[in-house]
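The chains referred to below are lettered A, B, ... by the order of the sequence lines, with proteins before strands, and numbering in each begins at 1. Being a predicted model, the structure only gives us computed values, none of them experimental.
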There are 2 protein chains.
Amino acid sequence: MPDADLLAVQGREVPSARIPLSRERILTAALDFIDAEGVSALTMRKLGGVLGVEAMSLYRYVPGREDLLDGVVDTLVSQLDLDEDVLSTPEHGWQDFLQRMAHGVRRVAIAHPKAFPLVASTPPEAPWLRPPLRSIRWVEKFLSGLLSEGFSDEQAVAVYRAFTGFLLGNLLLEVSHRGGAVGPLDLVEEEVPQRGLRDAPVVERLGPLLSQDESLREFEESLESLIDRITQQVSSSGA
Amino acid sequence: MPDADLLAVQGREVPSARIPLSRERILTAALDFIDAEGVSALTMRKLGGVLGVEAMSLYRYVPGREDLLDGVVDTLVSQLDLDEDVLSTPEHGWQDFLQRMAHGVRRVAIAHPKAFPLVASTPPEAPWLRPPLRSIRWVEKFLSGLLSEGFSDEQAVAVYRAFTGFLLGNLLLEVSHRGGAVGPLDLVEEEVPQRGLRDAPVVERLGPLLSQDESLREFEESLESLIDRITQQVSSSGA
DNA sequence: ACCTGAACACCGTTCAAGT
DNA sequence: ACCTGAACACCGTTCAAGT
């Protein structure tokens, strides 16, 4: 069964098997592989296979597996730079600016549910680079956007902190809910697991309610609430 | 250098090397190991070494490495059941109840920064069990607590969703900020990395501000704001 | 009943060697 | 200049064998 999936991925890459290796080509293939098979299935040897090359060849372009994964994060992140909604500066107020940033990051997350945990949980190389905003360009854009809207340094940093926390929690949950967790075999619809529901009558009764996917509404409500909070703080401190 | 650390861990376990293996003993040792060395360093063979046993012996008590990690999550989670602040029912209103739950989970997170990502990011076996509340007991307690305070089913579930998102984002960030990321060698104080700060003048200027650790205040403010939001929704819907 | 030795298949990574 | 073969150290896991 995993073989079938692997072949599918290989098939997609075979036409380009003759063009020479490059760091970019490797990273793209790695992201494709992760999208299809998950991070833990990504192996230097298998990735070599997908690219029609021995694993050892990859080390010419990539120092090692850890760095490869960092590179995948960069690849993901730079997809966002092409997103007009995100790369823009605030033209319709900072509320709109935050809305567009948030939805831009969310789009990347749900486009790559299996890769997003990499962006989210990889340890940042600098304390001021908080996941999931793992790009200095984003952070620069984010902070300078807020400053241009009249936020003080302290306010902008506070918003940055609250915003990253909001994104990380909500998107990680949404992504794992959307079958980021599905392993090699995807069970159609798992039966309500009876095991462990002993002594949990409320959870059992609310099961259907709890299983509903309200992630977009949650996301928007939570974002709205964050923006409200910021509005209050900004106005009460006289900005 | 890793050898020294390993010996330290072994030293702590040597006195009990003669008492027989058990699932519980294995899980405790695994958690200790992760606290000291991190998840990725935990190996069946090394864990066996710590317990004075060959790796193969562990398979009598644990089906495999993946299940071992799940067991570590359970171990962590059940530490919270001993926490009086958390296991109590709401006696001083639901706001106080949420406050105590939140701080209880936070205590576990910062007591085990390297293990917490396991609780946070491991895929839940059921869609209604959202990280980091990866225990049916907690969820049961959480939901029934809210119901007993007059919340409707829908409201309780909505609060559950918002609360888990809040906890996950904030605690994950806090934990990775607190050297959950420190590898085998802990650099005393990393120099401000100049690389990549080209074209990021705002980030560079705000560096000191961004590096400050405000995690407790952030956590409390964010929680306060969440509670405010819930209060508004509850009162506006006439509860 | 509990633990171990030996083995298997598979990793990441290095490096001398091929073309 | 770019890729490969062979090798090393280390994994998770199985299973027949020891005690």
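Across the strands present, C:dC2 finds its partner in D:dG18; the criterion is a Watson-Crick or G-U wobble pair with both atom distances under 3.5 angstrom. With both pairing distances under 3.5 Å, D:dT13 is matched to C:dA7 as a Watson-Crick or G-U wobble pair.
The residues B:R106 and B:E218 are annotated as not salt-bridged, no charged nitrogen and carboxylate oxygen being separated by less than 4.0 angstrom. In summary, B:R23 and B:D67 engage in a salt bridge, as defined by a charged side-chain N under 4.0 Å from a carboxylate O.
The line from CG of A:L76 to CD1 of A:I34 is 8.0 Å long, rounded to the nearest 0.5 Å.
Of all nucleotides listed (D:dG12, D:dC3, C:dC2), C:dC2 comes nearest to the side chain of B:R60. Among D:dC11, D:dT13, C:dC3, the nucleotide with an atom closest to any side-chain atom of B:M56 is D:dT13.
Per the geometry, CG belonging to A:L68 stands 9 Å off P belonging to C:dT13, to the nearest Å. To the nearest angstrom, P of C:dA9 lies 22 Å from CZ of B:R65. In this entry the distance linking CG of B:L51 with P of C:dC2 reads 16 Å, nearest Å. The interatomic distance linking A:R45 (CZ) with D:dG5 (C1') rounds to 12 Å, in whole Å. Remark: P of C:dC2 and CZ of B:R23 are 16 Å apart, rounded to the nearest angstrom. When the P atom of D:dA9 is taken as reference, atom NZ of B:K46 falls 16 Å away, rounded to whole Å. Following rounding to the nearest Å, B:I26 (CD1) and C:dC2 (C1') show an atom-to-atom distance of 12 Å. Going from atom CD of B:E54 over to atom C1' of C:dT4 covers 6 Å, rounded to whole Å.
Under 4.0 angstrom from either OP1 or OP2 of D:dA1 there lies no side-chain N or O belonging to A:Y61. Not one side-chain nitrogen or oxygen of B:Y59 sits closer than 4.0 Å to the OP1 or OP2 atom of C:dC2. For A:S57, a side-chain nitrogen or oxygen approaches OP1 or OP2 of D:dT4 to under 4.0 Å.
Checking B:L21 against A:P63, the closest nucleotide of DNA chain C that is more toward the 5' end is the one next to B:L21. The nearest heavy atom of DNA chain D to A:L58 and to B:T43 marks one nucleotide each, and the one closer to the 5' end goes with A:L58.
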Before giving the answer on side-chain contact (heavy atoms from CB on, under 4.5 Å), spell out for A:E24 and A:L27 the whole-Å C-alpha distance, their side-chain angles and the decisive distance to 0.1 Å.
CA-CA 5 Å; A:E24 195 196 348; A:L27 294 181; 5.9 Å; no
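In this structure, B:F163 has its ring center under 6.0 Å from that of B:F142.
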